[in-house]
2 protein chains.
Amino acid sequence: MEPQVHSMELLSRSSRYAENAIEEENPTLERLAEEGKKVTKLNIGDPARFFPTPRYMIDAYIKALNEGKTSYVEPEGIPELRDAVAARYKRMYNEDIDRQSIFITHGVSEALIFMNSMFIDPGDMAVIFKPYYSVCYTGFRVFGGEPILQGYQEDRNWDLDTDELDRKIKENIGAGRRVKYISITNPSNPTGMVLERKVMERIVDIANDNGLILISDEIYDEVIYNGAKFTSVSEIAGDVPHIIFNGASKDLDATGFRIGFVLVPGEDKASEEIRKKMSDYCSMRLCVNTPAQYAVAEGINNIKEHEREVSEFVKAIEERANFASKLINESEYMHVVPPGGAYYLLPKLDMSRLRIKDDREFVHKLLEEEQVLLTRGSGFGADGHVRLVALPTKEILEYSINKINEFCRKHSR
Amino acid sequence: MEPQVHSMELLSRSSRYAENAIEEENPTLERLAEEGKKVTKLNIGDPARFFPTPRYMIDAYIKALNEGKTSYVEPEGIPELRDAVAARYKRMYNEDIDRQSIFITHGVSEALIFMNSMFIDPGDMAVIFKPYYSVCYTGFRVFGGEPILQGYQEDRNWDLDTDELDRKIKENIGAGRRVKYISITNPSNPTGMVLERKVMERIVDIANDNGLILISDEIYDEVIYNGAKFTSVSEIAGDVPHIIFNGASKDLDATGFRIGFVLVPGEDKASEEIRKKMSDYCSMRLCVNTPAQYAVAEGINNIKEHEREVSEFVKAIEERANFASKLINESEYMHVVPPGGAYYLLPKLDMSRLRIKDDREFVHKLLEEEQVLLTRGSGFGADGHVRLVALPTKEILEYSINKINEFCRKHSR
């Protein structure tokens with residue numbers, strides 16, 4: 001039999017957006033591993049590789065397994081974990097959220113799929129700030145969404161022109177477009193910038209004025225340093241319908257558990273509708289890993305252990321991020337705005353001094369020639385930048401930045 | 001501030017399909033629990049509630065946790081698990097599949113999301129056999145897909161009119177529609193029917209003749225009994241591009257681990273394109289629960305332990321399914337075709353004898369009045385049927401079926 005499938009028409013149009021710049025050098029990584037070459041990886045924000053996941057959470061995980069917690073549980077998550085998340089928001093932000101407003105997901109990634117499927121028909125719009133977390137953009141576009149991109153201003157410490165934002169939204173609504181939500185990632189991945197309260201208040205006003213939902217990814221909300229002050233959308237959104245993403249990967253240092261949280265706290269009709277629909281989406285995949293949910297409930301509830309772990313962790317991150325920022329800013333080939341949260345640095349490359357086409361080529365050649373792996377900035381909407389992760393030790397960071405400088409010298413004009 | 005969100009326009013059009021009949025009585029369940037009422041649940045196919053997940057897998061899970069396997073891993077899955085799945089297909093079906101053709105997902109549910117996003121633009125079509133597994137239908141429709149539904153014939157032991165199927169496909173292609181894939185669930189959820197090899201060969205021919213991909217969910221491929229003979233699509237597809245779903249939930253009795261497998265074994269250009277795109281989708285959610293992957297690798301590789309567990313498990317299921325089928329067929333209100341695989345029964349209700357509107361009302365009232373929970377057949381495209389799970393003990397099955405009969409008598413015309 002001659003198979004008849006015509007591969008040109010095989011894939012959906014929207015599937016061309018499915019990608020993640022963070023992982024795209026994996027085939028090269030595999031080849032280099034086969035060649036016996038050791039690679040220094042600064043591409044992925046995986047704290048558990050550098051700071052072991054706290055033992056008290058591992059113990060809780062094992063306890064759940066030994067107690068036979070291995071069957072399906074509630075699609076929205078086990079009550080113990082939903083209650084733990086609610087208590088956390090009361091403790092940290094004095095927010096009264098009940099269990100019914102909290103949903104446990106396969107990481108924030110799954111939350112993004114549900115949200116975009118829930119809100120976006122092809123051609124619908126949403127506001128995405130640039131640089132964005134890769135999947136906030138790609139996960140929106142695979143559902144046929146058309147973004148309103150609003151750039152943070154790098155030369156003003158990643159400040160935001162909110163008047164221009166409001167104008168763009170009104171223009172599109174005026175032209176009959178359906179604009180659904182404003183997406184925030186705070187602290188920012190990939191810049192590490194923490195949004196100032198007054199900027200966020202202006203964003204809330206704009207959302208309210210234009211009838212948009214606020215979606216705020218706050219998964220790094222405990223990884224704050226350098227004197228930055230974090231504000232949760234839950235503290236200021238008031239009556240504006242809002243959705244908050246959080247999870248166990250970053251603050252709790254448990255990336256491989258794949259546990260995300262979605263909060264839909266509003267008492268308005270829209271929030272109620274979103275909660276109902278969120279339950280429907282959760283039910284379609286039955287539930288999230290069962291024993292991991294028990295581990296994360298303990299991770300949150302054991303405040304004493306958590307505080308100890310997270311304060312050491314954040315102190316180490318602050319040192320490493322500042323150390324790396326300083327080294328980068330001593331380089332003649334790049335410049336970075338030092339972060340206030342998360343653990344990413346997004347230096348701008350001085351491309352005019354390099355015989356290299358773009359940041360994609362930069363990352364690929366750096367990996368091939370120096371075995372140092374970064375992520376291209378264009379994967380976050382920041383052409384001419386690279387993202388590096390400040391999780392490894394100072395020695396590894398120094399080694400890597402030296403290698404980047406060597407590489408730049410070799411390819412300088 | 002008066003919030004401006006207009007809830008009528010809030011949700012996407014396609015999101016109205018997001019639902020899962022299996023879970024839709026959860027709010028009632030919660031209320032009954034608050035009222036202190038005990039419910040007998042035959043709604044969800046969760047073997048781990050009745051047969052503990054094998055201890056040797058729990059031990060492997062704990063070992064992985066103790067070894068610090070808690071960070072992100074490869075988006076497509078750890079090599080150990082992908083190799084274990086490959087070896088399983090070699091052992092069971094003499095299929096040569098390499099690691100690169102295997103992808104680990106958050107259950108088959110996530111695989112369905114990826115596949116539908118990958119293939120379906122709004123208006124694209126796919127063939128779905130009816131009764132279908134709920135999420136094969138809803139997961140397709142939330143991406144805007146328009147189904148070609150082809151009914152199994154209940155009065156012919158769920159046989160399939162393949163000539164009619166071929167005609168329908170050709171009609172739609174002739175009318176300029178883009179028909180993408182044929183979706184098979186074998187053994188069937190919700191009927192427990194095992195497809196005969198000659199029917200499957202005809203389906204392969206039809207897929208080939210019309211240039212369609214075959215997608216086969218074979219997650220119950222070891223739960224076969226009553227003399228039924230299971231054929232994997234991988235044994236007969238030949239050069240026709242095909243995708244196979246499987247996972248740890250059913251054969252390995254580990255539902256709460258949420259581990260699915262996707263196989264894309266073809267050497268043709270279409271399969272290659274699908275593998276590439278599958279990697280892209282996997283990369284967008286970084287990875288699947290890390291320690292659970294090690295547990296499942298051991299679950300598959302420890303053949304001796306697995307064989308012992310699965311043979312006892314399948315023997316118990318056979319007894320329970322036959323016991324329940326016999327009782328159901330003794331009832332004057334319903335009739336069932338006994339299953340050959342999986343653990344579902346889909347009796348047809350004699351609605352003409354009942355003062356009840358439809359199967360949705362039947363399920364809801366049965367729960368309220370008798371505290372026995374089934375799933376409505378219309379959730380699987382089988383109006384006037386109910387699905388029940390033959391996993392509990394004979395005592396519980398007998399109790400439940402007696403309650404159903406009582407309920408029918410109470411509501412008979």
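Values reported hereafter were calculated over all heavy atoms of this structure, with side chains retained and with hydrogens, waters and symmetry mates removed. So you know, we letter chains A, B, ... as the sequences are listed, proteins then strands, and number each from 1.
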Quick one: does any side-chain atom of Lys277(A) pair with a main-chain N or O of Ser15(B) as donor and acceptor, under 3.5 Å? yes
Mark yes or no for whether Arg285(B), through its side chain, and Glu110(A), through its backbone, hold a donor-acceptor pair below 3.5 Å. no
Interatomic distance, CD1@Ile120(B) vs CZ@Arg13(A), rounded to 0.5 Å, equals 11.0 Å
State the CG-CG distance between Leu65(A) and Leu65(B), to the nearest 0.5 angstrom. 6.5 Å
What's the spacing between Met284(A) CE and Ile22(B) CD1 if we round to 0.5 Å? 11.0 Å
Let me know if Tyr133(B) has heavy atoms under 4.5 Å from chain A in its side chain, its backbone, both or neither. side chain
Roughly how far, to the nearest 0.5 Å, is NZ of Lys63(A) from CD1 of Ile62(B)? 12.5 Å
Count the heavy-atom pairs under 4.5 Å between each of Glu23(A), Glu74(A), Arg55(A), His106(A) and chain B, then report the option with the highest count. His106(A)
Counting heavy-atom pairs closer than 4.5 Å to chain B, which one of Phe143(A), Tyr281(A), Tyr61(A), Phe114(A) comes out on top? Tyr61(A)
Most chain A-contacting option - heavy-atom pairs closer than 4.5 Å, from Pro291(B), Gly144(B), Ser12(B): Ser12(B)
Most contacts with chain B, counted as non-hydrogen pairs under 4.5 angstrom, among Thr70(A), Val135(A), Val108(A): Thr70(A)
For Ser117(A) against Val142(B), the heavy-atom pair lying closest together: OG-CB, 4.1 Å
When the 4.5 angstrom heavy-atom criterion is applied to Tyr181(B) and chain A, the contacting part is neither
Considering only heavy atoms, which portion of Val288(B) lies under 4.5 Å from any heavy atom of chain A: side chain, backbone, both, or neither? backbone
The interface call for Arg16(B) against chain A, heavy-atom contacts under 4.5 Å, is backbone
Among the options Gly68(A), Pro52(A), Pro75(A), Gly107(A), pick out the one with the most heavy-atom pairs lying under 4.5 Å from chain B. Pro75(A)
Over 12 foreign heavy atoms within 6.0 Å of NZ, Lys170(B): yes
Do you know the tightest heavy-atom contact between Asn289(A) and Ala292(B)? ND2-CB, 3.8 Å
Interatomic distance, Ser14(A) atom OG to Met118(B) atom CE [nearest 0.5 angstrom]: 11.0 Å
Return the minimal non-hydrogen interatomic distance between Arg258(A) and Tyr72(B), and the atom names on each side. NH1-CE2, 3.6 Å
Against chain A, label Leu286(B) side chain, backbone, both or neither, depending on which of its atoms sit under 4.5 Å from a heavy atom there. both
Keeping the roles fixed (side chain from Asp46(B), backbone from Ser71(A)), state whether a donor-acceptor pair exists under 3.5 Å. no
Which residue out of Asp121(A), Asp59(A), Thr290(A), Asn26(A) racks up the most heavy-atom pairs below 4.5 Å with chain B? Asp121(A)
Please classify the contact of Asn116(B) with chain A as side chain, backbone, both or neither, using a heavy-atom distance under 4.5 Å. neither
Distance (rounded to the nearest 0.5 Å) between Asp280(A) CG and Glu24(B) CD: 9.0 Å
At a heavy-atom separation under 4.5 Å, does Ala254(B) approach chain A through its side chain, its backbone, both, or neither? backbone
Side chain, backbone, both or neither of Ser249(B) within contact of chain A (heavy atoms, under 4.5 Å): side chain
Tell me, side chain or backbone of Leu29(B) under 4.5 Å from chain A's heavy atoms, or both, or neither? neither
Would you say Glu67(B) has more than 12 foreign heavy atoms packed within less than 6.0 Å of its CD? yes
